[in-house]
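We count ligands from 1, going down the list as the structure has it; atoms in each ligand are counted the same way.
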Amino acid sequence: MDVVMTIAGSDSGGGAGIQADLKTFQELKVFGTSVITALTAQNTLGVDGIFPTTPEFVTQQLSSVFNDFDVKALKTGMLFSADIIERVAGEIQNKEVQVVVDPVMIAKGGASLLQQEAVEALKTKLLPIATVLTPNIPEAEVITGMTIKTQSDIQAAAECILEKGLQCVVMKGGHLENDEFATDTVFLANGSSFKMQSKRIHTKHTHGTGCTFSAAITAFLGRGFSLQEAIVEGKKFVQLAIEHPLNLGHGHGPTNHFAYQTYQDYEVTVSEA
Ligand SMILES: Nc1ncnc2c1ncn2[C@@H]1O[C@H](COP(=O)(O)OP(=O)(O)OP(=O)(O)O)[C@@H](O)[C@H]1O
Ligand SMILES: Cc1ncc(CO)c(N)n1
């Protein structure tokens, strides 16, 4: 069985972070390992507290897993501090592993999951060794310092991000104001690009969508899918997870990780960007 890893924060509410990642890995039939960067006391209503792991203990978890397993692909989610980012980058830079970076910054309720001074470390230490970055529009704005409103802004921001040396960037359109579609645009370092369009679901149950999407891409990469196939199939996984909500909690509820196996009925539309 293919082994993958998530390096992220724990969500006690089970809808995002490590918990969303491991559920996604399980559903997609890969063996999930985990390195926990922080505990969060969290539910569907928001984040009540954050207890970061020491950077030394992040390194220890990474060593324990890498010393024993052949990890095919990994994702990073909440990394919290520059120190943790430097430890993670230092441990993975010489490994033969595909790296999905979800640049988690702010939770839906507004809590900060990445210290402001850590953005520089993310840009200079992690992006150069990433296979793929999956920013939403506000995250892409922080990383590039650009304002992103139009499709040509998206392209300019993606080109700026690709200059850091990674292979691919998926600009997620979940936050764009379009009533009909949720459109993500994928840009590759070789100059090609494509759009993935799915039906926008009108629901408040979108806690952990970004984590679930990046975990699904990681799982498919771990199984040996090509980068493009992994991204398109990852989009299908998250679409089905949003489309069939579980209606749990009193706020922004979690997505449904079981949906992909239960309803194989959705096709993501892929077209030229
Ligand atoms: N309402 C929706 N209907 C369909 N797809 C959606 C919806 N909202 C987001 N998506 C899709 O879900 C994926 C995750 O995108 P999103 O922009 O929500 O990430 P995020 O903001 O990083 O998530 P999070 O808040 O968990 O960090 C993308 O493929 C996006 O297009
Ligand atoms: C631990 C954690 N990681 C990521 C997110 C973003 O959804 C969250 N809310 N909590």
Side-chain angles (χ1 to χ4, degrees), residues 6-22 24 34-53 75-80 100-114 132-143 148 154 170-186 195-217 231-245 249 251-256 259 266 268-270:
T6 168
I7 306 171
S10 160
D11 169 10
S12 55
I18 289 280
Q19 288 78 1
D21 297 343
L22 292 177
T24 301
S34 60
V35 168
I36 301 186
T37 56
L39 303 179
T40 70
Q42 185 176 176
N43 58 25
T44 63
L45 297 165
V47 176
D48 298 316
I50 297 178
F51 187 71
T53 308
K75 67 156 278 188
T76 66
M78 173 186 182
L79 293 172
F80 192 64
V100 179
V101 176
D102 180 8
V104 170
M105 293 183 185
I106 298 180
K108 287 233 154 67
S112 175
L113 304 178
L114 182 73
V132 51
L133 180 77
T134 61
N136 60 30
I137 298 298
E139 289 159 353
E141 288 184 327
V142 171
I143 291 167
I148 304 172
I154 289 179
V170 181
M171 304 287 279
K172 295 181 296 190
H175 293 244
L176 286 178
E177 283 165 21
N178 180 319
D179 240 26
E180 215 181 332
F181 300 111
T183 306
D184 304 340
T185 318
V186 184
K195 254 190 333 207
M196 303 187 294
Q197 202 166 63
S198 63
K199 178 172 76 194
R200 181 175 290 278
I201 312 298
H202 296 280
T203 172
K204 65 172 185 163
H205 300 309
T206 53
H207 178 54
T209 47
C211 305
T212 299
F213 179 47
S214 52
I217 295 173
I231 292 167
V232 173
E233 208 56 25
K235 170 91 172 154
K236 177 173 171 181
F237 185 90
V238 72
Q239 176 73 22
L240 288 165
I242 298 169
E243 200 171 325
H244 301 281
H252 295 288
T255 63
N256 179 357
Y266 197 86
V268 169
T269 307
V270 177

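T134 contributes atom OG1, which lies 7.5 Å from atom CD of E139 (distance to the nearest 0.5 angstrom).
Some N or O of Q42 is nearer than 3.5 Å to an N or O of ligand 2, by distance alone. Every N/O-N/O distance between S198 and ligand 1 stays at or above 3.5 Å. Considering backbone and side-chain N/O of I201, one or more are found under 3.5 Å from N/O of ligand 1. Checked against a 3.5 angstrom limit, the closest N/O atoms of T203 and ligand 1 fall outside it.
Within ligand 1, the atoms closer than 4.0 Å to a non-hydrogen atom of Q239 are 4 (C), 5 (N), numbered from 1 in the order shown. Heavy-atom proximity to A107, at under 4.0 Å, picks out these atoms of ligand 2: 9 (N). The contact set between ligand 1 and G208, taken as ligand atoms under 4.0 Å from a residue heavy atom, comprises 26 (O). For ligand 1, the atoms sitting less than 4.0 Å from at least one non-hydrogen atom of A182 are 4 (C), 5 (N), 6 (C), 31 (O), numbered in the order shown with element in parentheses. Against a heavy-atom cut-off of under 4.0 Å, A16 is close to the following atoms of ligand 2: 5 (C), 7 (O), 8 (C), 9 (N), 10 (N). Every atom of ligand 2 with a heavy atom of H207 under 4.0 Å away is listed here by number and element: 9 (N). Heavy-atom proximity to G9, at under 4.0 Å, picks out these atoms of ligand 2: 1 (C). Counting atoms of ligand 2 from 1 in the listed order, those under 4.0 Å from a heavy atom of V104 are 4 (C).
The side chain of C211, and not its backbone, has at least one atom closer than 4.0 Å to an atom of ligand 2 (non-hydrogen atoms only; side chain from C-beta on). Under 4.0 angstrom from ligand 1, the non-hydrogen atoms of K199 all belong to its backbone. Proximity of L113 to ligand 2, defined as any heavy-atom pair under 4.0 Å, is confined to the side chain (atoms from C-beta onward). If you look at E243 next to ligand 1, there are no close heavy atoms at all, none under 4.0 Å.
Among protein heavy atoms, the minimum distance from atom 9 (C) of ligand 1 is reached at G174 CA, 3.8 Å. From the protein, the heavy atom lying nearest to atom 18 (O) of ligand 1 is T209 OG1, 2.8 Å. Protein heavy atom in closest approach to atom 25 (O) of ligand 1: K108 NZ, 2.7 Å. Nearest protein heavy-atom contact of atom 21 (O) of ligand 1 is H175 NE2, 2.6 Å. The protein heavy-atom contact nearest to atom 13 (C) of ligand 1 is V238 CG1, 4.0 Å. Closest to atom 23 (O) of ligand 1 among all protein heavy atoms lies G210 N, 3.1 Å.
A donor and an acceptor atom, one from each side chain of S198 and Q239, are located under 3.5 Å apart. H207 and D11 are linked by a side-chain donor-acceptor pair at a separation below 3.5 angstrom, with hydrogens and angles left out of the test.
Within the structure, the closest approach of I242 to ligand 1 falls below 4.0 Å when heavy atoms are considered. Within the 4.0 Å heavy-atom cutoff, A16 does not count among the residues contacting ligand 1.
Comment: D21 engages K75 in a salt bridge, judged by a side-chain N to carboxylate O separation of less than 4.0 angstrom.
Residue A20 comes nearest to T212 through the heavy atom pair CB-OG1, 3.9 Å, listed as atom of the first residue, atom of the second, then distance.
Nearest to atom 15 (O) of ligand 1 by heavy-atom distance, out of K172, H205, K235, is K172. Comparing heavy-atom distances from atom 30 (C) of ligand 1 across D184, T134, V268, N136 singles out D184 as nearest.
Put simply, the side chain of T53 gets close to the backbone of I36: a donor and an acceptor are under 3.5 Å apart.
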